[in-house]
Every structure is written in C-alpha cells, then in structure tokens.
Protein chains: 2
Amino acid sequence: MPESTILIVDDEPAIRDMVGITLDLAGFSSLSAANALEAHISIIDHKPDLVLLDWMLPGGSGIELARRLRRDAVTANIPIIMLTAKASEDNKVQGLSEGVDDYVTKPFSPRELVARIKTVLRRANGNQKGKVLRVFDLQLDPTSHRISIEETPVEMGPTEFRLLKFFLLNQEKVFSRDHIQDAVWGANVYLEERTIDVHIRRLRKALSDIEGAAIDYSRLIQTVRGAGYRFSVRPS
Amino acid sequence: MPESTILIVDDEPAIRDMVGITLDLAGFSSLSAANALEAHISIIDHKPDLVLLDWMLPGGSGIELARRLRRDAVTANIPIIMLTAKASEDNKVQGLSEGVDDYVTKPFSPRELVARIKTVLRRANGNQKGKVLRVFDLQLDPTSHRISIEETPVEMGPTEFRLLKFFLLNQEKVFSRDHIQDAVWGANVYLEERTIDVHIRRLRKALSDIEGAAIDYSRLIQTVRGAGYRFSVRPS
DNA sequence: GTTCTTTGTCACGGAAATGTAATATACTGC
DNA sequence: GCAGTATATTACATTTCCGTGACAAAGAAC
C-alpha cells in the first residue's frame, strides 16, 4: 500500500518535528510548513493526502487557510484535521465549522493523533475500493478481497494479491522491477532485484494451480527479457 | 433497548447539569458540550443517538453546527432537537429546513423534554430497525436483541452482538481491524490490535458452541490474512 | 457487601508470509 | 557450439501475523 503523505502546518518547530517523527513511525510520509503561505504552496506542489493544521497560526490565518482550501476545487477534497488548544477555553473557535474533518486538542498523544488520522483517511478514501477487475474468467474483487478463476477461489499471499491487482490495473505495459517495487511495495523499501522474481513466480504458481481451468492464467504474466514484466492477454 | 446516549450542547452549565440529571433519571446516558467545537468533537468520538442543541450558542453557531452535521454523511442521521428561547415562526422555518427533528422551547418541563426525545428516537429507530437479519438458520433480531440458530438461543456479550450485527449488515466485504473498531466501538477509541481478535474469537466461539447445528456458523467469519476479517457465506 | 459477567490486555505458540541466497535453467550474441 | 547474462526455481531463515488461554479491572446483578 503506497503510504499517505501528511502535511504538518505549525509555527513551532518543536511540534513539527515531534509530529513528523510520530507520523514517520506510523508509516506515513510527512511534509511540514511553518505558516499559511508555505502550507498553501506545499499543498499545491505535493498534494498531500491530509493536512494537519494548527488553529493558532500567527496572524490567525489557520482558519483562513482552511477556508481557502475548501473553496478551491483542486484542494476541496483534501481532509483537514485541526490542532486546537483546549476546546473549552477558546471562544474564538465558535465561528468555525468550515469543512474540517476532525479536531485534535493539544496536548495530544501520538497514539491519538495517528488513530484520528487513520480514521479520517479511511473515511475519505476508504469507501471506494474499486470495482471488480476481470480478465476472462479471472476475477479480483478488492472489496471482498477475493480472487477466483471460473468461480474457484484462488489462494495467494497478500503481496501476490497486490501484485496481481497492480497488473490488472496496468495491462499491456512493461514495468521494470524498480517500477513494480515502487508500486507494490512502496517507494522507500529496499529489495534485492531477485525478490521480485520470486513473487512473480509465486503469483504464477497460484494462478496455474487451478484444476480444470480453460486457460493457464499464469501465462498472462509475461517476462520481457531485459525490461521487466508485462501483463497481457495477447500471447507473447 | 440498550440505553440511548444524548449529547447536550448548551453554554450554560446550569442547564447542562439540569438536563443531564433529567436524562439520567429517564434512563438515558448523557454527554455534554459547551460550544460547537466541543460538540462536534464529541459527536465524532461518541456517535450519540441524539443531540440536544441550544439554538442560541454564543457566536450563533448552533444552527451552523446543525447544518454541518447534516452535510457530513457520518452524522447526517443523528437526530437533532433544538432548544430555543422562544418559539418564533422564523426559527422553526429555518430550523426545519436544516433538518432539525423537533423543537423544545425554554423553559421546558423535564417531562416534556423526555417525551419529545423518546418520540424522536422512536421515529429515528423505526426507520432502520425491525428487520431481522438472517443467514441460513442464524437469526439476529435487533428489536428484541436476540440471536438464535435453528431456534436455539445463542448467548454472547453485547460487544459480540454489535460485532455480529455489523458483519451481518456488511457481508462479503473485508474490513481491517481499524475499520471494525470504528464501526463497532466508535471512531476514536483506542484498543490494542489483539483486542479485536479476542472478540472475534468470542463471537466465533459463541456461534460454534451450538449443539446439533447443521452448519458451523463460526466459519462464516473468515480471517483474511494481512487484511482483516470478512463475513461470507462462501467458503474461504 | 458478594458473585457473576463483561471487557480489554498481555504473553506465548504456531502458522503463514516474506526476503535472500544458492542453484538451475533459458536466452543472447558470437 | 561457447561464454556471458538474465531469469526461474528451490530451499531456508527470519519476520510478521493470527489464535488462544489466562488474568485483572470494572461493572452489573444479587
């Protein structure tokens, strides 16, 4: 699963660092910005999956930034979590209700922060896992997390599942091992080159171990010597 | 019926306390919030069954909060009762268009408040409940809060009941532990990962401890390694 | 109060999955 | 044919993930 990118907007470097480390440990990649302007540029440049926005930015521009993000169609769907001081103390907070997705009150535990981020991300992305992918009588259903060939369930490990999904979504194209690694394992993972081959083999084996299938689906995963692999319905 | 949770949103502590006591006596459990932000956090976290919302929150954000709750799919179905100082036609018209379910004008009698709450809750519940969930000879009756297999009552704890209900309503889909936690425990509750497993086990155990059942219903709760759990009538 | 139930956490063991190295096989250009 | 390179396959150690029993705290029933 490609990790989500989170932008931290806070004027205090200590908080940015602390939150950044927390997010890294939780498997997110993080960006940071010290003020609303920096934040806006970063959002446009990197399109983070979520913005952690300090309410009390100098100049009170936190809420303005949130409003601006919501108004612009390009950024309107990026979830925002507000970092606020204690809720009960703050009366200025009343005017908000802009499309903020959740609030976290300082001080917060890393654990709580991560939990809320995951919840918001799930709510934002989650409900569309995608349609059933089909090739002949091979089916991959992302929702139920099942693979079948002619109605017969196919067993494979999680990595092979992601690999097959990647191929089904990107047919008829050759991908280098590096590219496959980025897409299936994530960007900052180091693997031996041969490791990809092994997983390709496991996937092929899983697809070919089907009793009485009309087609040998393992043949759809084609080796392109010197280039990588390709999923194709056309014989090589 | 398990007791409903009501969130009281009012800036005056005296009113919050008074209403809180009234609700407790009537068999509800209550939460309270002093402003719109607190209220919103509380709603996201605890998913109350109904919100009692003061119309005249400082900053006039009561109506904004109502509007916001209606807009977000997660909170759109939570009934809202407005507390207003005076029943002016303007309020009613505007409020109704925001999807407010009822009005109570201050000062109100505890008795009247409770009566209206019950009415609104009944109306809200009536829409979704009543349907018995069935899979083969496994039945879950939300109304009577009972579960049976081939007419034999099945014993389980409240958490397992909610878990099973969730599964019955969402069959053939994989859910991560995080997702299950959100749906069954509430959005921002912190549990150890293994805790879900333990409850899954308890549910499976409850379903499998049935004498003379034609099917082992615990098998319908399937483990999807690396992904989560799935309730399915198809063998894994 | 006592007792029973429910609940969340922990620790341990086993099973599946993963990544790597070693070896075997296939392909390419000569 | 050969040498050199790329890929396939196998085997294995390690890691990750899940199931399970035990336990203590908190609450409900008595």
Ignoring backbone atoms, test whether [X] places a side-chain nitrogen or oxygen under 4.0 Å from the OP1 or OP2 oxygen of [N].
{"X": "B/Y229", "N": "D/dC17", "result": "no"}
{"X": "B/T159", "N": "C/dT7", "result": "yes"}
{"X": "A/W185", "N": "C/dG19", "result": "yes"}
{"X": "A/R177", "N": "D/dT7", "result": "yes"}

Residues at least two apart in sequence or cross-chain that pass side-chain hydrogen bond (donor to acceptor under 3.5 Å, both in side chains) with B/D209, listed by chain then number, are B/K205

Those residues at least two apart in sequence (or on a different chain) that pass side-chain hydrogen bond (donor to acceptor under 3.5 Å, both in side chains) with A/S32 are none

- Query: Can a donor-acceptor pair under 3.5 Å be found between the side-chain atoms of B/R201 and the base atoms of D/dG21?
  - Reply: no

Atom pair distance, as rounded to whole Å: [atom1] in [X] and [atom2] in [N]:
{"X": "B/L203", "N": "C/dT6", "atom1": "CG", "atom2": "P", "value": "14 Å"}
{"X": "B/Q181", "N": "C/dT7", "atom1": "CD", "atom2": "P", "value": "15 Å"}
{"X": "A/E155", "N": "C/dA15", "atom1": "CD", "atom2": "P", "value": "17 Å"}
{"X": "A/R202", "N": "D/dA11", "atom1": "CZ", "atom2": "P", "value": "12 Å"}
{"X": "A/Q222", "N": "D/dA8", "atom1": "CD", "atom2": "P", "value": "12 Å"}
{"X": "B/Y190", "N": "C/dC10", "atom1": "OH", "atom2": "P", "value": "16 Å"}

What residues 192-200 of chain A contributes to the DNA chain C interface at heavy-atom separation below 4.0 Å is A/E192, A/T195, A/V198, A/H199

With B for base contact, S for sugar-phosphate-only contact and - for none (protein heavy atoms under 4.0 Å), nucleotides 25-30 of chain D reads ------

Check whether any side-chain heavy atom of [X] sits under 4.5 Å from a side-chain heavy atom of [Y], and report yes or no.
{"X": "A/L52", "Y": "A/R16", "value": "no"}
{"X": "B/L163", "Y": "B/I180", "value": "yes"}
{"X": "B/V9", "Y": "B/D54", "value": "no"}

Please walk me through it: do A/I200 and A/F167 pass side-chain contact (heavy atoms from CB on, under 4.5 Å)? CA-CA 11 Å; A/I200 291 282; A/F167 277 133; 3.8 Å; yes

Double-helix bend of the helix from C/dG1-D/dC30 to C/dC30-D/dG1, axes at both ends from 5 pairs, round to 10°, gives 40°

Output all residues satisfying salt bridge (charged side-chain N to carboxylate O under 4.0 Å, His left out) with [X], sequence neighbours left out; order by chain, then residue number.
{"X": "A/R202", "result": "none"}
{"X": "B/D17", "result": "none"}
{"X": "B/R162", "result": "none"}
{"X": "A/E12", "result": "none"}

Scan A/E160 against the nucleic acid and name what it touches under 4.0 Å (heavy atoms): base, sugar-phosphate only, or nothing. sugar-phosphate

Mind checking whether A/F161 and A/H145 have parallel, tilted or perpendicular rings, split at 30° and 60°?
parallel

In a table with atom names and distances, give each donor-acceptor pair under 3.5 Å that connects a side chain of residues 220-231 of chain A to protein atoms at least two apart or in another chain.
from	atom 1	to	atom 2	distance (Å)
A/Q222	OE1	A/R230	NE	2.9
A/Q222	OE1	A/R230	NH2	3.1
A/Q222	NE2	A/R234	O	2.6
A/T223	OG1	A/R204	NH2	2.7
A/Y229	OH	A/R177	NH2	3.2

In short, salt bridge (charged side-chain N to carboxylate O under 4.0 Å, His left out) pairs touching residues 135-145 of chain A with sequence neighbours left out are A/R134-A/D137

Short heteroatom pairs, N/O only, protein and nucleotides 26-29 of chain C, under 3.5 Å:
from	atom 1	to	atom 2	distance (Å)
C/dC27	O2	A/R225	NH2	3.2

message: As a quick check of understanding, evaluate side-chain contact (heavy atoms from CB on, under 4.5 Å) for A/I117 and A/L113, giving each step before the final call.
response: CA-CA 6 Å; A/I117 288 173; A/L113 182 64; 4.0 Å; yes

Walking DNA chain D from its 5' end, the first of B/A227 and B/K205 to be reached, judged by nearest nucleotide, is B/A227

Ranking D/dA22, C/dT18, D/dA8 by distance to the side chain of A/R204, first place goes to D/dA8

